[in-house]
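Worksheet: the structure to be examined is printed underneath.
So you know, we letter chains A, B, ... as the sequences are listed, proteins then strands, and number each from 1.
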Amino acid sequence: MVVTPELNYDQLTLGEATLIQQQLRGHLRLEPFQKEIKTIAGADISLTLYSETVFAGLVILSYPELQPIACSLVQSSTIFPYVPGYLAFREIPAILKAYEQIPVKPDLIMFDGNGILHARRMGIASHFGVVTGAVTMGCAKKKLAGQYAEPGASKGEYANVTDKGEVIGYAVRTKENVKPVFISPGHQMSLEDSLAIALKCTGKHRLPEPTRYAHEYVNKFRTGEIKAGYHDLSSWKLF
DNA sequence: GCGACAG
DNA sequence: ATCTTGTCGC
């Protein structure tokens, strides 16, 4: 873990936020992930237009089955604006609350955003990983930084995303004839790990199962279909 | 100055 | 991100 003042992110200036990102970058670890993966979580937030209310959540899936087994939902608020490159300061406080509420932490977390595929190599997935010590990776729907050549149209094809001469992630075709998603390691895993895991989490949709379910659940949470708290989603299957 | 720009 | 209907394509 790392020294982080209070998460007074709401009061930070972009200059201060940049300094925090540069400091956190010094703690990034991208060594290959060794252990066996048994659970993987998807993290995401849902917002209401013109409101500072944030509906955050994580959905834990079994791996490699990719079946939802639990979810943690929390309502929070933020006044930090959305600024490309600083998404972490707007979403992490809320996601952290939902994460702390989980009794048994997942082996790794996939975020709806980037890991090191970021101008300063400190996207939301990397930021959360360094702050909590968790194993993380990113999966964004649009390119934030770098350049890439359009990958082949078949599912599973991919292309490197490079920036200043280094590979910082991949543009991955998770479904035939659909726009690619952008994969990158967040913390405690290698570039290759992130790509391999993303491909194994691909189902019938463009978004990998972890983030797809996370998006679905936080949205149901925002509309009132599901209540806040930690919910076990698999016990009923035992009967 | 110009273009790019996760959610 | 969110507000929204039908519609084209696999």
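Under 3.5 Å, the side chains of S234(A) and D232(A) contain a donor-acceptor pair of N or O atoms. Side-chain N/O atoms of D112(A) and T211(A) include no donor and acceptor closer than 3.5 Å.
As rounded to whole Å, 11 Å separates atom P of dT2(C) from atom CZ of R90(A). The nearest whole Å value for the distance from the CD1 atom in I79(A) to the P atom in dG7(B) is 23 Å. The interatomic distance linking I124(A) (CD1) with dA6(B) (P) rounds to 13 Å, in whole Å.
Nucleic acid contact for Y86(A): base, since at least one base atom lies under 4.0 Å from a heavy atom of the residue. Residue S46(A) is in sugar-phosphate contact alone, with no base atom involved, counting any heavy-atom pair closer than 4.0 Å across all strands shown. Contacts of G85(A) with the nucleic acid, taken as non-hydrogen atoms under 4.0 Å apart, include base atoms.
For D112(A), the listed nucleotide lying nearest its side chain is dG7(B); candidates were dT2(C), dG7(B), dC5(B). Comparing dA6(B), dC3(C), dC5(B) by their closest approach to the side chain of H118(A) singles out dA6(B). Closest to the side chain of E91(A), out of dC5(B), dC3(C), dG7(B), is dG7(B). The listed nucleotides are dA1(C), dA6(B), dC5(B); the one nearest the side chain of K141(A) is dA1(C).
Between Y86(A) and L12(A), every side-chain heavy-atom pair lies at or beyond the 4.5 Å cut-off.
Applying the side chain to side chain contact (heavy atoms under 4.5 Å, CB included) rule to A171(A) yields the partners Y148(A), P151(A), V161(A), P180(A), F182(A); only residues at least two apart in sequence or on another chain are considered.
Distances shorter than 4.0 Å separate none of the side-chain N or O atoms of N219(A) from OP1 or OP2 on dA1(C). The side chain of R206(A) contributes no N or O atom lying less than 4.0 Å from OP1 or OP2 of dC10(C). The phosphate of dG7(B) (OP1 or OP2) has no side-chain N or O of H215(A) nearer than 4.0 angstrom.
Stacking of Y82(A) onto the six-membered ring of dG7(B) is present: less than 5.5 angstrom between centres, less than 30° between planes.
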